Amino acid sequence: MSTDAQNDGDDLEERVVNFLRRNFPQIQMHGGSAAIQDIDRESGEVSIALGGACSGCGISPMTIQAIKSRMVKEIPEITAVHAHTGMGDEEMGGGGGASPSFPGETVDDGETDEGPQAPF
């Protein structure tokens, strides 16, 4: 691997870390943490683990969905985000029920969802 490729990879990781710090300071303010588990630069997939107070938090599925939605929009190299809290959530709310959605996000039926607003 060339030095340029290594620097690009380091830059990508730095941009993911900065994205999390900039977009989700509430995670830390509420006693939670977000850590990069893996970045697959070839496929553009990122794995994120939420810990601390995020484990068992009722809004962690919304936080995870927001991270997934915003990161792929803000960092062009990222094609998919896999995030979990380690609470058996199987990558977001695996306990059943509906997936959270956010205003302006297109839902499966092609319509735009106008609410509810996420608390961040």
Side-chain angles (χ1 to χ4, degrees):
M1 181 183 294
S2 74
T3 307
D4 289 339
Q6 287 176 337
N7 289 340
D8 289 346
D10 292 342
D11 179 54
L12 179 58
E13 184 171 349
E14 185 176 320
R15 286 186 288 146
V16 171
V17 167
N18 287 336
F19 167 86
L20 291 169
R21 285 182 186 148
R22 188 176 59 255
N23 286 289
F24 299 97
Q26 297 86 347
I27 291 173
Q28 284 188 311
M29 289 180 2
H30 292 271
S33 62
I36 300 168
Q37 300 263 263
D38 184 53
I39 297 177
D40 184 332
R41 288 163 181 83
E42 287 187 27
S43 69
E45 295 184 34
V46 175
S47 296
I48 306 286
L50 299 180
C54 292
S55 296
C57 176
I59 66 166
S60 63
M62 290 178 69
T63 302
I64 289 170
Q65 187 61 34
I67 290 169
K68 289 175 153 189
S69 173
R70 293 177 187 176
M71 189 179 293
V72 297
K73 289 178 184 173
E74 192 171 312
I75 304 173
E77 295 91 336
I78 303 299
T79 60
V81 178
H82 307 285
H84 59 88
T85 62
M87 293 293 294
D89 54 9
E90 299 299 320
E91 202 180 300
M92 189 195 86
S99 296
S101 58
F102 297 90
E105 182 176 65
T106 302
V107 291
D108 289 340
D109 60 9
E111 294 185 24
T112 300
D113 185 7
E114 295 301 328
Q117 282 247 313
F120 36 81

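Along the sequence shown, residues are numbered consecutively beginning with 1. All heavy atoms count here, side chains included; hydrogens, waters and symmetry mates do not. Note that the structure is a prediction, hence the values are computed from the model and not measured.
The side chain to side chain contact (heavy atoms under 4.5 Å, CB included) test with Ile67 is passed by exactly one of Val72, Leu50, Asn23: Leu50.
Glu45 and His82 make their closest contact through OE1-NE2, 2.6 Å (heavy atoms, listed as atom of the first residue, atom of the second, distance). Ala34 and Ile48 get closest at one heavy-atom pair: CB-CG2, 4.4 Å. Nearest heavy-atom pair across Gly52 and Ser33 is N-OG, 4.0 Å. Nearest heavy atoms, Ser55 versus Thr85: OG-O, 3.1 Å. Residues Cys54 and Gly32 come closest through the heavy atom pair SG-CA, 3.9 Å. Considering every non-hydrogen atom in both Ser60 and Cys57, the closest pair reads OG-O, 3.0 Å.
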- Given the rule in the side-chain contact (heavy atoms from CB on, under 4.5 Å) test, do Arg70 and Lys73 qualify, once you have shown the distances and angles that lead to the verdict? CA-CA 5 Å; Arg70 293 177 187 176; Lys73 289 178 184 173; 5.7 Å; no
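When side chains are defined from C-beta on, Met71 counts as touching Leu20, because their heavy atoms get closer than 4.5 Å. For the pair Arg15 and Leu12, the minimum side-chain heavy-atom distance is below 4.5 Å. Contact of the Glu14 side chain with the Val17 side chain is not registered, since no non-hydrogen atoms from C-beta on lie closer than 4.5 Å.
Considering CD1 of Ile39 and CD of Glu42, their distance stands at 13.5 Å, rounded to 0.5 Å. In this structure, NE2 in His30 is found 7.0 Å from CD1 in Ile59, a value given to the nearest 0.5 Å.
The environment of CD in Gln37 is crowded: more than 12 heavy-atom neighbours from other residues, nucleotides or ligands sit within 6.0 Å.
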